[in-house]
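Structure first, commentary second.
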Amino acid sequence: MEPQLHQADIQGLIMESYDFKAIEGKWQERWREMELFAARDGEKERDKYYCLTMYPYPSGVLHMGHVINYTLGDVIVRYQILRGYNVLSPMGWDSFGLPAENAARKQARAAKERGEEPLHPADFTEKNIAHMKTQMERAGWGYDWAREVATSRPDYYRWTQWLFLLFYKNGLAEKKTAPVNWCESCATVLANEQVLSDGTCERCGAEVEQRDLNQWFFKMSRYAQALLDGHRELRGGWPEKVIRMQEDWIGRSEGARVVFRIAETGDELPIFTTRPDTLWGVTFMSLAPEHPLIGKLLKGTEREAEVMAAAKKMRAQGTSAREQAELEKEGVWTGCHVINPVNGEQVPLWVANFALMSYGTGAVMAVPAHDQRDFEFARKYGLPVRVVIRPEDQELDPERMTEAYVDPGTMTDSGPFDGRLNTGAMGDIARWLAEKKIGGPEVNYRLRDWLLSRQRYWGAPIPIVYCEKCGEVAVPEADLPVELPLDVDFQAPGNPLETSPSFVNCSCPDCGGPARRETDTMDTFVDSSWYFLRYCSPREEGRPFDPSAVRYWMPVDLYIGGIEHATMHLIYFRFFTRALYDLGLLDFAEPARKLFCQGMVCKTAYYCEKCQWIPGEKVEGGEKEGDAIVGGSCSACGGPVRGEMTKISKSKLNIVDPDRMMDKYGADCVRLYMLSDTPPDLDRVWSDERMQGAWRFLNRLWDTAAAAAGELGEASAELPEKLSSADRDLRRKTHNGIRRVTEAIEGGFRFNTAISSVMELLNALRASGEVHPAVRREAVESMLVLLAPIVPHFSEELWSRLGHKESIFKTSWPEFDPEALKTEEIEVPVQVNGKLKSRITVPAGAGEEEFKAAALNDGKISEFLAGKEPLKVIVVPRRLVNIVVK
RNA sequence: GCCGGAGUGGUGGAACUGGCAGACACAAGGGACUUAAAAUCCCUUGGCACUCAGUGCCGUGCGGGUUCGAGUCCCGCCUCCGGCACCA
């Protein structure tokens, strides 16, 4: 008969092993009760720490990108709580935007067929928020939920509208007609920042076209220089890479403004150039096809029909950004000439498809000899080439040149500047232009105004009405918010606001006459340009934020998010802050002291020529290489499958569901895994095998701590007076662990090495022999506190099992004891000619001579030297000895 | 084209300010326990060679250089990644 285990014994065994299911919910409840994450407004006795993580769009499903982002934030929040800061850790929802609206459209169709009431985007959004919130709580991320905001709720967007009006009244928002980006698939316009460099839509990937439309803009281009200047303050706190991306995006270029004149009419034609040194080489002028002067100059001339037709054609060709970049250079002569003010020469005026109306003045002086694009254009149309910069080592012949000469050289045929080195003369030329009153130094920027209107329903309505009599009128503050109507038809094409009579028809706030509301809504990036301010006083009713709360909490001490926002959200957010600073609402100009950009989570995705992207489970055969399958075939069609390591995404079917992982391993283990192995700013590879490794570590630590629980003595026990050498050994490792973990976090959130250090400490503890209970307790408890930010439920549970009544987050972050790190002897390597040959052990306080003597007396070394006299002995005390022989 | 960043074992990665390259893991191999498996525990694991308890040589993308000493600094390349790009 088999021996039967008693129920009590089984219970005992289960109790002993790590059971995350039994502890995670319990501690989450405890933290809520003790209000661990409640930020205390205006508390003077502690320093504040504002840790902001980019809030999510509430898609309803948590993905791995959120997990790395919010785990990082939470670990820092808990670490700063342990360091004694008054921490602000808010969370909210970027809840306006296309997906909710698209879902409503899709759903409206289905609901109609079934005769059901369609789900409104607001309900859909709130449902998703509720679900994501439970997922976030389950992950153990600590937020002050009392400060939750959702940008789609009227109590939030009321203030988004208020801020729009503030900008409007101060000349920072205006409606103007301009060539703008149109995404057909999103059925709306987009800001420049939201078009990728390949000319596709940042959201949906469709090609973006150019259209001339009347739209709302924030005058962000005015802030180009201020945004650049602000980088000085951000350096050190922000990743250099992000600063550089913003610099590229803002695109400052220094040069000169030069005023040409139309020979035939006397009209002024100013241009911008970065090469004023080549002014004497101008042989023609190019105008953008949209340039307003074209119509004026040609009206009634014999060339009018031809030129206007050509210009029209140029404007029509290549409406997508990509097509435009690939266009062949084309142009047409206007029949007019311009006068070059530096030498009085008349040169022909052309219209050219490469001249951009949106940069500089829409007119470009052409110097074919020294600009490649002008050179190609000149060759194509037989325009003259004139050399005005002479290289030292060759003679340039305009007839035989095959490309423009763009390197430095001596200026020639250049009036008063003949003989000067062009690079050195640039500034003098700009000043000379100013003296002659024909131009002067000028700086141009690539950054454009921020196009904020969107032809969509699910966004904050722009609070403007159009009155037949009064024209464009701002909605009075008292009438805010301009609420989104509920009686909208999501099945009608176009913007549903346009077909909502209750919304569109209104009376003019000024004259009371009939008026129409603006039906465009705001870009969701407007919502996210001030949410961090709202968090400071989220329930404030009379204004967007309470200045005293903002003064206390701002600026953000650490902002965590993805680098994909470098030239979108992170530019807008800085622009908004600067504008509010200039308007006197804020007393700081930069919103975040430190920025941390986490890496992406990647996994192998599989592609089959016929079935396209297929999930990993549908790959048959092949070889396993780590977590990836190589040389497998598609289970559906049998075709070959190729693997590609790429960011986890729904479209490539390589997602890992955080919920499933937490079901299997618990939140702590997922958190630990996310931070192990890879530094947080690098892309990480999702690996089930490594996840197992994190699981094993937690269990080992649990077993070690739980098994030792009975032998650790009292929680308050003091260290004994006399320590054995084993005691000192373990204490040294404990304190070294504390030092290394602290340095890893402070030195750039290197959690991967912090975790390694704790693993080493655990290995040392497990290998240690007889040690005093208090020394063992110190080692175990140190590990728990060091890991508490990363695996908080786990640490809390063991902490309480070790006899502590209070939460582990009520203790403080340990400090290492320099005394404990000291050793009596140290071992250093000995090299001969820079190659490691032996090791010596010397007393810790040994001087240079002692190191030298010990090295030369070492058996292996003397054998190696074989009596040869060393030429030189280099001693780096406590580091190494290097003996140089011939 | 311009401007950045990166390249270290089979894999993720470690290495303070020029001072023992490969910490800590994963994978792999071997062993213990087990009827068996899982789990766990122990050992091995950069490459090559040899007279294999050990010893020697090589080794941080490639080629040079500085230095007693280079993954780290300098010069010249290669590859990959990112940003900007008809921007005057």
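First the proteins, then the strands, lettered A, B, ... as listed; each starts at 1. Since the structure is predicted, the reported quantities are computational estimates derived from the model, not experimental observations.
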Using the P atoms only, state how far B:C74 lies from B:U66, rounded to an integer number of Å. 15 Å
Presence of donor-acceptor pair under 3.5 Å, side chain of A:Arg839 and base of B:C20: yes
Please enumerate all residues that pass side chain to side chain donor-acceptor pair (under 3.5 Å) together with A:Ser197, with sequence neighbours excluded. none
For atom C1', what is the distance between B:U60 and B:G13, given to the nearest Å? 13 Å
B:G83 versus B:G64 - spacing of their C1' atoms, nearest Å: 31 Å
Near-ring test A:Trp702/A:Phe20, centroid separation under 6.0 angstrom: no
Give, ordered by number, those residues of residues 358-374 of chain A having at least one heavy-atom distance below 4.0 Å to an atom of RNA chain B; if nothing qualifies, reply none. A:Tyr359, A:Val364, A:Arg373
Suppose you measure atom P in B:A14 against the same atom in B:A6; what distance do you get, rounded to whole Å? 12 Å
List for me each residue that meets ring pair (Phe, Tyr, Trp, His ring centres under 6.0 Å) alongside A:Phe749, sequence neighbours excluded, and say none if there are none. A:Phe596
Looking only at N and O atoms, is any donor in the side chain of A:Arg696 or the base of B:U40 less than 3.5 Å from an acceptor on the other one? no
Rounding to 0.5 Å, atoms CD1 (A:Ile250) and CG (A:Leu227) come to a distance of 5.0 Å
Which value, in whole Å, describes the distance between the P atoms of nucleotides B:C24 and B:C42? 13 Å
Rounding to the closest angstrom, what is the interatomic distance between B:G61 and B:U79 at atom C1'? 7 Å
Pairing of A:Arg839 and A:Glu825 as salt bridge, 4.0 angstrom limit: no
Suppose you measure atom C1' in B:A25 against the same atom in B:C62; what distance do you get, rounded to whole Å? 31 Å
For A:His565, give me all partners under ring pair (Phe, Tyr, Trp, His ring centres under 6.0 Å), at least two apart in sequence or on another chain. A:His569
Shortest side-chain distance from A:Asn763, nucleotide among B:A15, B:A25, B:C68: B:A25
B:C87 OP1/OP2 closer than 4.0 Å to side-chain N/O of A:Arg252: no
So, is A:Lys835 close to the B:C58 phosphate, meaning a side-chain N or O under 4.0 Å from OP1 or OP2? yes
Are A:Trp350 and A:Leu383 close enough, and set up right, to give a side chain to side chain contact (heavy atoms under 4.5 Å, CB included), and what steps lead you there? CA-CA 11 Å; A:Trp350 284 64; A:Leu383 293 159; 3.7 Å; yes
Mind checking what makes ring pair (Phe, Tyr, Trp, His ring centres under 6.0 Å) contact with A:Tyr673, not counting sequence neighbours? A:Trp686
Using the ring centroid of each side chain, check whether A:Tyr381 and A:Phe284 are separated by less than 6.0 Å. no
What would the secondary structure line of RNA chain B be in dot-bracket form, counting Watson-Crick and G-U wobble pairs under 3.5 Å, with [ ] for pairs that cross earlier ones and | for pairs with another strand? (((((((..(((......[....))).(((((.......))))).(((((...)))))..(((((..]....))))))))))))....
Which whole number of Å gives the distance between the C1' atom of B:G76 and that of B:C81? 22 Å
